[in-house]
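All figures in this text were calculated on a predicted structure; none of them were measured in a lab. One is the number of the first residue; the rest follow in order along the sequence.
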Amino acid sequence: MNVAVILAGGSGSRFSSELPKQFIRLAGHYIIEYTLKTFENNSNIDEICIVANKEYFDKYKKIVKDNGFKKVKKIISGGKERFDSSFNAVNEYKDIECNLIFHDGVRPFVNDRIINDTVMALKKYKAVDVAIPTADTIIKVENSFIEEILNREVLKRGQTPQAFNIKTITKAYEKFKKDENPPKFTDDCGIVKYYLNEKIYVVKGDEINIKITYPADLLFAEKIIQFRSLSYQGKLCDLSHKVVVVFGGSSGIGKEIVLLAKKKNAKVYSFSKSNGYNITNKDAIIKAFKYVLDKEKGIDYIINTVGVLIKKNLEDMDIEDIENQLNTNLKSSILIAKYAIPVLKKNSMILFFTSSSYTKGRASYSIYSATKAAIVNLTQALSEELIEKKIKVNCINPSRTLTPMRVKNFGKE
């Protein structure tokens, strides 16, 4: 039996967060959910044991229930240090013939290849580590001076999982606990190597198998998820009996979405200035939703594609230009979201559109860039607010698209 031991007892002290970092949301889900899902879906994993602070047991139970994780059989108490948590897991399984596969709860991008290679290696070796080459020169420093420059060709950066035959790890921890003056260890392989001098086989890790330790790591993690989404090549699903509301459906991206949704058998309602709905006005949004609800029992998807770009330096912009962009690009999305909540069905979605300009303010795009950055933050905040209502909130950052707004500002490309 292969048991994945998810070490999730950290306090998040280096993260400066009220909650442990495993409960920080990453693209709409807790970090720990990504980790658990990968092990849950891996065919080589038979059981999952979460090692956590007792204070959060109920939270973990809810996560397990909400996600339908069937392999999570135990949630046990962690300890003050990492090795205390590992020791508790070893004690839990020491009388069962199994392998323990220890993994950091806040290392959410572990993949099947790493897990499978680790499990396969356990058939031949009693201890397995995961590591990647170091790209940096490693130096040994004492009193602010270099003592030694190490050969980086033989140096690697350790990751998790780390895996052991239960008898091996039990024996190592028994010796460790009896040692009155043990060295300082940072992982389980260190304990096995020191007390048993066991050969530890090293499986190739992955650069994106990062541990989220500091706030800056979240930025990288968000980008990993974004780049993963680019590889999606699935076909548009059948939308029969789904009610889709598109704001800005008379031209550009909105018009194409309306056509696509109709091809997929959705009931589509399109609202824009051209048919009398100025969505920078709350009354127009309320009127649009009322129109749909007079015909339907609820709405499945609300998509706002309305946007305006006025390409000028700020000093050359009229106040009307500024207000037009703020109202059209940002205020409309806020109002749509506010009045959408009561009319959306469960398991529904609100979808916004951002732009590559959200990542960096550019000359002549100051207001547009600001509004598109705000859309991303609005999406992230609302996705957390509405997750309990079973409403997803997302936004798309499209590549350059042939639309009337694009042609107006950049000509034929």
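Contact check for Tyr195 versus Pro182: side-chain heavy atoms found under the 4.5 Å cut-off. Taking 4.5 Å as the limit, some side-chain heavy atom of Leu218 sits within range of a side-chain heavy atom of Ile24. Side-chain atoms of Val106 and Leu7, non-hydrogen and from C-beta on, never get closer than 4.5 Å to each other. You'll find the side chain of Ile6 reaches within 4.5 Å of the side chain of Leu36, heavy atoms only. In this structure, the side chains of Asp129 and Thr118 stay at 4.5 Å or more apart for every pair of heavy atoms. Residues His103 and Phe39 are in side-chain contact: their nearest non-hydrogen atoms beyond the backbone lie under 4.5 Å apart. At least one side-chain heavy atom of Lys204 sits less than 4.5 Å from a side-chain heavy atom of Arg113. Between Lys295 and Tyr269 there is a side-chain heavy-atom pair separated by less than 4.5 Å.
Heavy-atom neighbours of Met1 CE from other residues, nucleotides or ligands within 6.0 Å: above the threshold of 12. Other residues, nucleotides and ligands contribute more than 12 heavy atoms inside 6.0 Å of the NZ atom of Lys71.
In this structure, OG on Ser364 lies 4.0 Å from CG on Asn313, to the nearest 0.5 angstrom. Expressed to the nearest 0.5 Å, how far OG of Ser86 lies from CG of Asn88 amounts to 9.0 Å. Here Ile212 contributes atom CD1 and Ile31 contributes atom CD1; the two are 4.0 Å apart, rounded to the nearest 0.5 Å. Between atom OG1 of residue Thr379 and atom CZ of residue Phe353 there is a gap of 11.0 Å, rounded to the nearest 0.5 Å. A distance of 7.5 Å separates CG in Leu150 from CD1 in Ile138, rounded to the nearest 0.5 Å. Distance check, rounded to the nearest 0.5 Å: CD1 of Ile208 to CG of Asp206 gives 5.0 Å.
Look at Lys177 and Asp84 and you find a salt bridge, because one of the NZ, NE, NH1 or NH2 atoms lies within 4.0 Å of a carboxylate O, short of that distance. A salt bridge links Asp104 with Arg82: the closest approach of a Lys/Arg side-chain nitrogen to an acidic carboxylate oxygen falls below 4.0 angstrom. The pair Lys62-Glu388 meets the salt-bridge criterion, since a charged nitrogen lies less than 4.0 angstrom from a carboxylate oxygen. Between Lys290 and Asp294 a salt bridge is recorded (basic side-chain N to carboxylate O distance below 4.0 Å). Salt-bridge check for Arg157 with Glu207: passed, with a basic side-chain N closer than 4.0 Å to an acidic carboxylate O. A salt bridge between Glu92 and Lys74 is present, with a side-chain N of the basic residue lying under 4.0 Å from a carboxylate O of the acidic one. Using a cut-off of 4.0 Å between Lys/Arg side-chain N and Asp/Glu carboxylate O, Lys175 and Asp179 are scored as not salt-bridged.
Ser332 places no side-chain N or O within 3.5 Å of a backbone atom of Thr280 that could act as its donor or acceptor partner. At distances below 3.5 Å, not a single donor-acceptor pair connects side-chain atoms of Tyr201 with backbone N or O atoms of Lys124. Judged purely by atom type and a 3.5 angstrom limit, Gln162 uses its side chain to pair as donor or acceptor with the backbone of Asp188. The main-chain N or O of His241 is never found under 3.5 Å from a side-chain atom of Lys267 such that the two would form a donor-acceptor pair. Counting only distance, with no hydrogens or angles, the side chain of Thr328 and the backbone of Gln325 share no donor-acceptor pair below 3.5 Å. A donor-acceptor pair is defined here as one N or O able to donate and one able to accept, closer than 3.5 Å; such a pair exists between the side chain of Lys73 and the backbone of Lys70. Proximity of a side-chain donor or acceptor of Thr305 to a complementary backbone N or O of Phe247 within less than 3.5 Å is detected. Distance alone, capped at 3.5 Å, is enough to place a donor-acceptor pair between the Asn275 side chain and the Ser270 backbone. Using a distance-only test at 3.5 Å, with no hydrogens or angles considered, no donor-acceptor pair links the side chain of Asp238 to the main chain of Asn265. The main-chain N or O of Met317 is never found under 3.5 Å from a side-chain atom of Asp321 such that the two would form a donor-acceptor pair.
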**Q.** side chain to side chain contact (heavy atoms under 4.5 Å, CB included) evaluation trace for Asn41 with Phe69
**A.** CA-CA 9 Å; Asn41 293 336; Phe69 294 143; over 6 Å; no
Q: Please test Ile257 against Leu259 for side chain to side chain contact (heavy atoms under 4.5 Å, CB included), starting from the C-alpha separation and ending with a verdict.
A: CA-CA 5 Å; Ile257 288 174; Leu259 295 173; over 6 Å; no
**Q.** Stepwise side-chain hydrogen bond (donor to acceptor under 3.5 Å, both in side chains) check, Glu296 with Tyr291
**A.** CA-CA 9 Å; Glu296 310 290 348; Tyr291 179 85; over 6 Å; no
Q.
If you apply the rule side-chain hydrogen bond (donor to acceptor under 3.5 Å, both in side chains), what do you find for Asn209 with Asn111, and how did you get there?
A. CA-CA 8 Å; Asn209 183 25; Asn111 56 48; over 6 Å; no
Q) Please walk me through it: do Ile310 and Asn324 pass side chain to side chain contact (heavy atoms under 4.5 Å, CB included)? A) CA-CA 9 Å; Ile310 298 173; Asn324 185 15; 4.1 Å; yes
Q) Do Ile169 and Val192 pass the side chain to side chain contact (heavy atoms under 4.5 Å, CB included) test, and can you show the C-alpha distance, the side-chain angles, and the key distance before you say yes or no? A) CA-CA 7 Å; Ile169 192 69; Val192 170; 3.6 Å; yes
Q: Mind running side-chain hydrogen bond (donor to acceptor under 3.5 Å, both in side chains) on Thr160 and Arg107 for me, showing each step along the way?
A: CA-CA 8 Å; Thr160 62; Arg107 206 180 280 272; 3.2 Å; yes
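Residues Lys59 and Tyr30 bring a donor and an acceptor atom of their side chains to less than 3.5 Å of each other. Of the N and O atoms on the side chains of Tyr93 and Glu47, at least one donor lies less than 3.5 Å from an acceptor on the other residue. In summary, the side chains of Thr403 and Thr401 do not present any donor paired with an acceptor at a separation below 3.5 Å, with no hydrogens or angles considered. In this structure, a donor-acceptor pair under 3.5 Å is present between the side chains of Asn99 and Asn2. No side-chain N or O of Tyr358 forms a donor-acceptor pair with one of Asn377 less than 3.5 Å apart.
Ala172 and Ile191 make their closest contact through O-CG2, 3.9 Å (heavy atoms, listed as atom of the first residue, atom of the second, distance). Looking at every heavy atom in both residues, Ala131 comes nearest to Lys156 through CB-CB, 3.8 Å. Scanning both residues, Ala163 and Leu122, for their nearest heavy atoms gives CB-CD1, 3.6 Å. Considering all non-hydrogen atoms of both residues, Ile166 and Val90 come closest at CD1-O, 4.2 Å. Listed here is the closest heavy atom pair of Ile210 and Pro108: O-CD, 3.8 Å. Closest non-hydrogen pair, Ile375 versus Asn329, comes out as CD1-O, 3.3 Å.
If you look at Tyr56 and Phe23, their ring centroids are closer than 6.0 Å. Taking the six-membered ring for Trp and the full ring otherwise, Phe185 and Phe176 have centroids separated by under 6.0 Å.
Listed by first then second residue, pairs satisfying side-chain hydrogen bond (donor to acceptor under 3.5 Å, both in side chains) with a partner in residues 336-354 read Asp300-Lys345, not counting sequence neighbours.
Aromatic ring pairs are classed by plane angle as parallel below 30°, tilted from 30° to 60° and perpendicular above 60°; the pair Phe87 and Tyr173 is tilted.
A cation-pi arrangement is present between Lys287 and Tyr277, with the terminal nitrogen or guanidinium carbon under 6.0 Å from the aromatic centre and inside a 45° cone about the axis.
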